[in-house]
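Everything below concerns the one structure shown next.
Values in this document were obtained by computation on a predicted structure and should not be read as measured data.
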Amino acid sequence: MAKRKTVAAAISAADAGEAPAGLEAGASVGLFVTCLVDLFRPSVGFAAVKLVEDQGGQVGVPKGQTCCGQPAFNSGDRATAREIAKQVIAAFEAYDHVVVPSGSCGGMIKTHYPELLADDPQWAPRADALSAKTHELVSFLYDVAGVRDCQARFDGTVTYHDSCSGLRELGIKRQPRHLLESAGVNIAEMKDSEVCCGFGGTFCVKYPDLSNAMVSKKAANIAATGAGTLLAGDMGCLMNMAGKLKREGIDIEVRHIAEILAGMTDEPAIAGSPDDHERDL
Amino acid sequence: MQITSPAFKANARQAMADADLQRALGNVERGFIEKRAKAVAKMPEFEELRDSARDIKNHTLAYLDLYLEAYETRVTEAGGKVHWAADAAEARNIILDICKSVEARRVTKGKSMISEEIELNPALEAAGHEVVETDLGEYIIQLRGEHPSHIIAPAVHVNKDQVEADFRRVHTNLPADRNLDEPETLLAEARGILREKFLSADVGITGANFLVAETGTSIIVTNEGNGDLTQILPRIHVVIASLEKIVPTLEDVSQILRVLARSATGQEFSVYTTLSTGPKHPGDPDGPEEYHVVLLDNGRSAMLGSEFEEMLRCIRCGACMNHCPVYHAVGGHAYGWVYPGPMGSVLTPSLVGVDKGGQLPNASTFCGRCESVCPMRIPLPKMMRHWREREFERHLSPATVRWGLGAWAFAAKRPRLYQFVTGLAARGMALAARNKGRFGWLPLAGGWTKYRDLPAPQGQTFQQMWAKRSRRA
Ligand code: SF4
């Protein structure tokens, strides 16, 4: 209960317009890279590192991390999910904060680890402690580090997809929009930005037809905004939407929001080719 | 009703290729959601009401046996009779006996999902009774020989022009050149036909939204008033309801009613909220001579005390399916049994077994939109996950899934091995994609690449690059 209050208090303070004071000097911040950023898009990890370091955080990246365990958890394999949860807890509990560039993996650590380990007297308090100091990246910047003005600049119109776990498990909605606007970004809201893109982890390959129905609607809503860039905070959703937009020949750059906020947009966009990029230059 | 839930994938594909169905589903996606949002926005205390609705039901479930006994006592005192039915067959037999006892010719029915669950109509018809559904949506699907595709809007899968065609096909004694362009004219035609059925029915069967332990009252909420005529005009009124419809007091009902209509249709209150307590009493102007309540268990008591107990809080408002992107894509029939959408994905395996219903809780992205609108705060995704756990424990999940998951888990629990393998994969895939940045096809990734490109990795893993940066530092 205690941890809920701190989050709620931080959020209501933010609502009242006062930004949190900022990171304590020399705070150590463990980066939970996430398996998709690690394998597919390390540049998002480096953008996250830059954003945290800009706030004075000392970033560490424990080698003992692989994945948050969601594939096992959502496939009903609780035993494996618990083992992986313990591995993550052990790797990260020494840090002052843990930052995750994904609402889905962040939600896993923050809301599901305590539930997974609730009946384990040894691990339950450790899961609770990790939960309390774990934050999705954008929420960390806004709700913990008190960032209100983004240093980077980005000209252009973007549309933002609210990934389900970030939105519904972690209450991330206003934070990315505020930070993007402070970077000079024009946001063209898509219809149904809060509706699932159809990724759903293993869902997208177990039920490809259904997943396709969902991402097709999403792609149409994205295209209808006329925005040049699509942003979100979760690699899974981004890869799904980028893959669909490419397949449909819709020419929109897809990026993780961290890349824009950190001003690190040199890498080709997701599913984009280095060749496209050279053409643009 | 044959259960086709195991064929969910094939059902879903068929539904997505059905142009009429897709046209009709647009209404769910637009109408219901907007109306609910408006109604909720107008009510500042809505979230508190959800909490209190949840608490009322939790309390009721904790003392369900006591409240059920109290309810039976009150019904009996009011001159009615409670029949306990352990399963669908018992419930059918009880109702058939009642109909037989009065040599019923015609039976009218209000909307009831329990009636679907126990497959009442075919049983009544086989016994020689004429069955007339009086809810407009139910009437339409009865004409079409279909089952409801939504728990509060049974004919939501049918378009207006299809209804018109059905009416012309069945109501052959009406002028062929009549105008049926407007929904109102369709409604008026159905009304005219039903009116005469109401007056000549021997038994009226309704469901119940609530059963009140304090007073022995059954309550239905409707928008057409058909429920009232069904239960007041015939000599016999039979209520069929499942155990968990019990609520302790009228005061409790009045709280839950405040979230029900808003969540369901976006109305502040349904047009009719009808309370009935026992048969006609001396001095009453109207009412049935006999009043029966058939209380159905059919698997629910086994949910008590299990990880699915919270599902028994459901008040069948339909908000979860109205907001479900999977339901929007395939409609209700694809789910293959009585209850569709997120609530059906939890309830179906509970009532027919996970071996038959197991596909349903798997067909979810866990986007959580259902839980975010459920007035009873039922954690639907969590319970779907519990079904996946039961499947996994019983080795019901497909072998390929188990094998793939096992191999992945083996590596995920060994960070050094994992980082070695992902390092190779990042490099190999990036090379294979050459400079295209994506794959149009990849071995073993057909589920993905059938419909979308797969973005290629950048070439090295974050861990590899971070190790280099750390060495430099
Ligand atoms: S699960 Fe919740 S939202 Fe769905 S029908 Fe039941 S009460 Fe309504």
Side-chain angles (χ1 to χ4, degrees), chain A residues 33 35 37-43 45-46 61 63-67 69 71-78 80 83-84 87 164-165 168-169 194-196 198-201 203-215 239-240 242-244 246-247 267-268 270-276, chain B residues 9 12-13 16 325-326 329-330 362-369 371-372 382 385-393 397 401 405 408-409 411-416 418-419 422 425-426 435-438 440 445-458 460-466:
Chain A
V33 182
C35 56
V37 166
D38 183 49
L39 178 61
F40 283 92
R41 205 159 172 83
S43 56
F46 284 101
V61 182
K63 281 217 172 88
Q65 61 178 309
T66 58
C67 162
F73 185 53
N74 286 345
S75 301
D77 182 358
R78 233 176 144 82
T80 300
E83 280 182 67
I84 295 178
Q87 175 176 293
C164 299
S165 309
R168 299 196 182 87
E169 286 179 358
E194 296 188 357
V195 175
C196 181
F199 172 65
F203 172 86
C204 69
V205 286
K206 279 201 299 187
Y207 296 89
D209 305 306
L210 267 176
S211 174
N212 180 51
M214 291 159 73
V215 75
M239 289 173 61
N240 181 40
K244 188 66 192 175
K246 278 286 176 217
R247 179 64 60 91
E267 288 288 330
I270 298 168
S273 135
D275 302 345
D276 304 345
Chain B
K9 282 188 184 179
R13 266 196 298 277
M16 287 187 280
V326 173
V330 301
N362 277 286
S364 162
T365 63
F366 288 157
C367 77
R369 207 175 178 207
E371 180 177 357
S372 76
K382 178 169 143 189
R385 190 182 294 110
H386 284 320
W387 276 123
R388 298 183 192 185
E389 285 160 9
R390 292 265 182 110
E391 273 196 314
F392 191 84
E393 284 160 18
S397 15
V401 171
L405 197 65
W408 166 84
K413 287 186 279 191
R414 291 166 180 78
R416 292 177 62 147
Y418 181 90
Q419 277 147 26
T422 49
N435 255 357
K436 291 224 317 275
R438 57 188 175 270
W448 181 286
T449 53
K450 183 173 175 198
Y451 294 114
R452 64 217 127 183
D453 291 351
L454 179 68
Q458 287 174 325
Q460 291 187 336
T461 64
F462 181 86
Q463 289 285 4
Q464 289 174 320
M465 295 171 77
W466 182 258

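- Rounding to the nearest 0.5 Å places CZ of B/Arg385 at 4.5 Å from CG of A/Asn74.
- At a 4.5 Å heavy-atom cutoff, A/Ser165 makes no contact with chain B through either its backbone or its side chain.
- Counting all heavy atoms, side chain and backbone alike, B/Arg438 lies closest to A/Ala271 at NH1-O, 2.8 Å.
- Of all non-hydrogen atoms in A/Thr66 and B/Ala412, the two that sit nearest each other are OG1-O, 2.8 Å.
- Nearest heavy-atom pair across B/Trp408 and A/Gly69 is CH2-CA, 4.2 Å.
- A/Asn240 and B/Arg452 form a side-chain donor-acceptor contact under 3.5 Å, judged by distance and modelled atom types alone.
- With rounding to the nearest 0.5 angstrom, the CD atom of B/Glu371 is 8.5 Å from the CD atom of A/Glu169.
- Only the side chain of A/Phe203 comes within less than 4.5 Å of a heavy atom in chain B; its backbone stays farther off.
- A cation-pi geometry, defined here as NZ or CZ lying under 6.0 Å from the six-membered ring centre and within 45° of its normal, does not hold between A/Lys244 and B/Tyr451.
- Only the side chain of A/Met214 has a heavy atom closer than 4.5 Å to any heavy atom of chain B.
- Panel note: side chain B/Asn435, backbone A/Ser273; no donor-acceptor pair is recorded below 3.5 Å.
- Of the residues considered (A/Ala242, A/Ala213, A/Gly200), A/Gly200 shows the highest number of contacts with chain B, using heavy-atom pairs under 4.5 Å.
- Using a 4.5 Å cut-off between heavy atoms, A/Val33 touches chain B through its side chain atoms alone.
- Between chain B and the options A/Cys196, A/Cys67, A/Pro42, A/Cys35, heavy-atom pairs under 4.5 Å are most frequent for A/Pro42.
- Proximity of B/Glu393 to A/Arg78: side-chain heavy atoms (C-beta onward) are nowhere separated by under 4.5 Å.
- At least one donor-acceptor pair under 3.5 Å links the side chain of B/Gln458 to the backbone N or O of A/Ser43.
- Across B/Asn362 and A/Lys206, no two heavy atoms sit closer than the pair OD1-NZ, 3.2 Å.
- Residue with the most contacts toward chain B among A/Leu210, A/Ile270, A/Thr80: A/Leu210 (heavy-atom pairs, distance under 4.5 Å).
- Both the backbone and the side chain of A/Arg41 come within less than 4.5 Å of a heavy atom of chain B.
- The candidate with the highest count of non-hydrogen atom pairs below 4.5 Å against chain B, out of A/Val37, A/Leu39, A/Asp209, is A/Asp209.
- For B/Lys9, the part lying near chain A is the side chain, with the backbone staying farther off; criterion is any non-hydrogen pair under 4.5 Å.
- Using bins of under 30°, 30° to 60° and over 60° for the plane-to-plane angle, the ring pair A/Phe199/B/Trp448 lands in the perpendicular bin.
- Between B/Thr365 and A/Tyr207, every side-chain heavy-atom pair lies at or beyond the 4.5 Å cut-off.
- Residues A/Arg168 and B/Arg369 approach most closely at NH2-CG, 3.5 Å, considering heavy atoms.
- No other option in B/Gly446, B/Ser364, B/Ala12, B/Gly440 has as many heavy-atom pairs under 4.5 Å with chain A as B/Ser364.
- A donor-acceptor pair is defined here as one N or O able to donate and one able to accept, closer than 3.5 Å; such a pair exists between the side chain of B/Gln419 and the backbone of A/Gln65.
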